[in-house]
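Note sheet for the following structure.
FYI, side chains are in, hydrogens and waters are out, and symmetry mates aren't considered; it's all heavy atoms of this structure. First the proteins, then the strands, lettered A, B, ... as listed; each starts at 1.
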Number of protein chains: 2
Amino acid sequence: MARSCNFDRQEKLILAMELFWQQGFAETSISDLVGHLGINRFSLYNSFGDKQNLYRECLSFYLDNYSFGALDTLLHEKAGLAEIEAYLARFIALQREQKYGCFMQNAVLEKSLDDEGVLQECQRLFCRLQTSFTQVLQDCQARGELLIHVQPHQVAAFLVLQLQGIRVLGKAGEYELLDNGFAVLQGYLHTLSAKAF
Amino acid sequence: MARSCNFDRQEKLILAMELFWQQGFAETSISDLVGHLGINRFSLYNSFGDKQNLYRECLSFYLDNYSFGALDTLLHEKAGLAEIEAYLARFIALQREQKYGCFMQNAVLEKSLDDEGVLQECQRLFCRLQTSFTQVLQDCQARGELLIHVQPHQVAAFLVLQLQGIRVLGKAGEYELLDNGFAVLQGYLHTLSAKAF
DNA sequence: AACATTCTTGACTGATCGTTTAGATATGGC
DNA sequence: GCCATATCTAAACGATCAGTCAAGAATGTT
């Protein structure tokens, strides 16, 4: 019926996400986006609405595709405390490379106060994270690998807390603190175990 | 010799800090500052230099006077694990009121990539924090209250990690996660003790 | 091939950004 | 009281901001 769009929307969304991820909302101008995405100003507005809307869509995309992705693999295999430990170790290692930190964490600290939608989106992910960890730990406990007095949902909350702390220290370049903190975390996980791992 | 300044510099610095704290660097304009501080645009530049400089000074002031202040009291008394636990509990309670989160954390996530000075300032505080905790724990251990196999500097790093995670979850309004996470943290601290507390 | 429709383009909007200037005003030493 | 010096005020700087517009180019249907 009419002319079709000559760029891939999702490809451009990813580019926009990268830029917001690196620079934050306020520090990223529409002109920056136009340059980085390689599409015209008007096409950008036409495809994604205004800046706020684009940002939210980027955040959603990030939450669904980038953040904590490895957690899913943790869920599918019959994982235990050893796998949780390995996940945390990988997570910390990742922070050394991810110099831009975490898009979601940036979003929480920069935008949650003036954009209710951003806050809710992030809370949704926190919930998902806790649920996932709780599931793993419950399975663990059912198999007799976790001490019975341990409360899975509490330990799960504790782990979410760790992830957030790790990302802040990672962005701050505090790798030694991270390693030392992880050593303690590791020790703690071992105290939860009903059998050595 | 000449006319003297007719406002209190430090008072204005605190006002500026409040505004940056609430809104971040990029979202706070000079006009915002002029309005909130109640001094003229030029006077602001005359007293504090440009925006970047003012921000750095605000961060310094925050780090010296606001962030983690209660930690000092922890150091002076002969504190033990129970006091550390209480400190963490107070810290969490504070996050419920501090809806603007932590200036330093905002600074790390927003500005550390493009302002080396901001990053270094924050790293200096991380170091101070770890040192303080290490000191308390070492004293603790010397008095025989802490199990001898525990490494004070590692646990200190672990605690710094907790503080950062707490602040993120606090800003995100995740109070239930915080409470559950703290319960676990509490339990862990008790396992470190050579005597019940 | 002609049409309606949609995308693309680049110039443009008024507003706001951080920063600076020139002139008025107030202060302290003589 | 006078002058040197510093602070203050208001206006303005060029640059950039987010967002829009009208005209041209490309497409699918008929």
OP1, OP2 of dC17(D) versus side-chain N and O of Ser29(A): anything below 4.0 Å? yes

Output the rounded distance in Å from NZ (Lys51(B)) to C1' (dT20(C)). 17 Å

Gln164(B) versus Val168(A), closest heavy-atom pair with distance: OE1-CG1, 3.4 Å

How about Phe61(B) and Phe103(B): are their ring centroids closer than 6.0 Å? no

For atom CG of Asn40(A) and atom P of dA18(D), their distance in whole Å: 15 Å

By nearest-nucleotide position on DNA chain D, the 5'-leaning member of Phe42(A) and Thr28(A) is Thr28(A)

I need the CG-P distance between Leu44(A) and dT20(D), as an integer number of Å. 12 Å

Against the six-membered ring of Tyr100(B), is Lys171(B) placed for a cation-pi contact (under 6.0 Å from the centre, within 45° of the normal)? no

The side chain of Asp50(A) is closest to which nucleotide in this list: dA18(D), dG19(D), dC17(C)? dG19(D)

Does the ring center of Phe158(B) lie less than 6.0 Å from the ring center of Tyr188(B)? yes

Can a side chain N or O of Ser31(B) be found less than 4.0 Å away from OP1 or OP2 on dG18(C)? no

On DNA chain C, compare the nucleotides closest to Phe7(A) and Gln52(B); which residue's is nearer the 5' end? Phe7(A)

Length of the line joining Tyr45(A):OH and dT6(C):P, which is rounded to integer Å: 22 Å

Less than 4.0 angstrom between a side-chain N/O of Ser43(B) and OP1 or OP2 of dC8(D), yes or no? yes

Rounded to whole Å, how long is the line connecting atom CD1 of Ile30(B) with atom P of dC13(D)? 19 Å

Arg41(A) CZ to dA22(D) P, straight-line distance once rounded to whole Å: 17 Å

According to a 4.5 Å side-chain heavy-atom criterion applied to Ile, Leu, Val, Met, Phe, Trp and Tyr, with indirect links allowed, do Leu44(B) and Ile14(B) form part of one hydrophobic cluster? yes

Rounding to an integer number of Å, can you tell me how far Phe48(A) CZ sits from dA18(D) C1'? 17 Å

For atom CG of Leu19(A) and atom C1' of dA18(D), their distance in whole Å: 16 Å

